[in-house]
Amino acid sequence: MADLQEEFSATAEAGALDPALVPPDPVPDTALVPDPAPMTVPGPETVRCASPADRARTLLAAHPVADGYSGLPWALRELPWHDFETGDSGLEGDVPRLRAGRVGAQFWSVHVPDGPSGDRTVRATLEQIDLVKHVVAAHSDALRLARNASETADARNCGRIATLIGPARGAALGDSLGTLRALHSLGLCVVTLCGTSWAGEGGLTPFGEEVVREMNRLGVLADLSGASEATARRVLAVSKAPVVFMRSGARALYDHPANLSDELLAEIGAAKGLVLVPLTTGRTGPTVRTVADHLDHVRRVAGPECVGISGTHDTHETHPEGLTDPAGHPRLVAELVERGWPEADLALLTWGNVQRALRGADFTARATRERRAASTATIDRLDG
């Protein structure tokens with residue numbers, strides 16, 4: 001159009017305007033239909049010029065944080081009152097802070113602190129599951145229960161924070177596969193295997209292996225945080241679904257019992273497991289930079305598909321400066337942007353890797369049930 005305009009001007013100045021080039025009479029304004037406003041997509045130069053904080057906010061708008069651990073259920077039990085909606089009750093992970101931190105999904109732990117055992121552990125776990133459902137129902141404009149990848153994505157697409165129930169302590173199963181099935185029917189998504197008679201320092205017992213297989217059949221993720229290396233390696237061998245370490249950093253950087261050796265991190269990477277790095281001073285250090293060091297290390301040793309974030313808020317853990325509540329997530333992502341993490345790896349870290357683990361559990365559950373159904377049908381035909 002610019003070239004045509006120039007041709008009009010040049011020809012007019014020469015005194016010989018070609019009639020073929022004369023524009024038609026203007027169309028009346030009433031006949032004009034305005035074009036839709038053009039989409040403004042930031043180009044590479046715009047993205048490169050943006051600050052790390054701006055780039056972090058842009059990325060989190062598309063790929064929110066799937067937070068691997070919140071202690072809200074037990075924290076709510078200990079409060080005389082709470083105002084989860086406005087943030088006036090002293091909680092670290094209330095709705096305003098979750099929104100500020102761009103949290104799109106969160107696992108609510110129903111761990112029972114050390115002390116109760118046997119039936120008391122089962123009862124306390126059931127009470128926490130009931131509390132989770134009550135809180136989510138009371139704040140349905142902000143939260144939505146989810147138990148798998150599709151429900152998590154649906155909640156996010158509806159502008160809600162997907163709330164997944166778990167992990168629960170393995171002791172809550174009461175050494176019973178029936179209890180595991182009952183808890184799963186109530187929405188439990190994750191079980192922590194350490195601290196039981198069937199998943200100890202020496203590894204899994206035969207019953208422990210049956211627990212893992214039943215979890216695979218149900219679609220319940222196995223959490224190995226705090227488990228012995230013998231147990232972790234045996235679960236990696238037995239489980240057909242991805243396994244998760246919901247609160248583990250890198251032992252090469254900080255020698256905490258729940259942190260993982262480089263050898264085990266490499267095995268987790270080969271098995272496509274998932275390590276959710278906690279934001280706690282006791283496991284990953286006192287600053288945003290030390291937490292980012294753990295994320296860097298796990299990404300390098302296990303791979304970018306095997307690392308995620310575990311806020312660990314509303315627990316009795318202390319948190320690094322700047323990460324004392326979920327609103328600090330953009331600061332951590334900005335630190336990783338500044339370190340040169342590509343956008344694809346950041347999207348996996350915040351959202352994609354947790355979705356992959358949930359999808360893997362769903363796929364394994366369906367495949368296991370179909371194999372069992374086919375085997376039963378074959379036996380019935382042979383008997384008939």
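Along the sequence shown, residues are numbered consecutively beginning with 1. Note that the structure is a prediction, hence the values are computed from the model and not measured.
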### Message
Tell me whether Arg366 is salt-bridged to Glu370, with the criterion being a basic N under 4.0 Å from an acidic carboxylate O.
### Response
no
### Message
Between Arg289 and Glu321, is the salt bridge (Lys or Arg N to Asp or Glu O under 4.0 Å) condition met? List the steps.
### Response
CA-CA 10 Å; Arg289 292 188 62 82; Glu321 184 179 356; over 6 Å; no
### Message
Taking Glu317 first and then Arg283, would you say they form a salt bridge - that is, a charged N and a carboxylate O separated by under 4.0 Å?
### Response
yes
### Message
Taking the basic N atoms (NZ, or NE/NH1/NH2) and the acidic carboxylate oxygens, is any pair closer than 4.0 Å for Glu127 and Arg120?
### Response
no
### Query
Do Arg217 and Arg369 come within less than 4.5 Å of each other through their side chains, counting heavy atoms only?
yes
#### Entry: Flag, side chain of Arg234 to backbone of Gly203, donor-acceptor distance under 3.5 Å
no
### Message
As a quick check of understanding, evaluate side chain to side chain donor-acceptor pair (under 3.5 Å) for Tyr69 and Thr312, giving each step before the final call.
### Response
CA-CA 5 Å; Tyr69 194 98; Thr312 325; over 6 Å; no
### Message
Are there over 12 heavy-atom neighbours, none belonging to Glu78, within less than 6.0 Å of that residue's CD?
### Response
yes
### Query
Ion pair present between Arg97 and Glu92, side-chain N to carboxylate O less than 4.0 angstrom?
no
### Task
Look at the aromatic rings of His319 and His313 and report parallel, tilted or perpendicular, splitting at 30° and 60°.
tilted
### Task
Look at the side chain of Asp223 and the backbone N and O of Val191, then say whether any donor-acceptor pair between them is shorter than 3.5 Å.
no
### Query
Can you tell me how far the CD atom of Glu214 sits from the CG atom of Leu173, to the nearest 0.5 Å?
10.5 Å
### Query
Are any of the side-chain nitrogens in Glu335 or Arg331 under 4.0 Å away from the carboxylate oxygens of its partner?
no
### Query
Are the charged groups of Asp67 and Arg102 less than 4.0 angstrom apart, N to O?
no
### Query
Charged N to carboxylate O under 4.0 angstrom, Arg57 versus Asp54?
yes
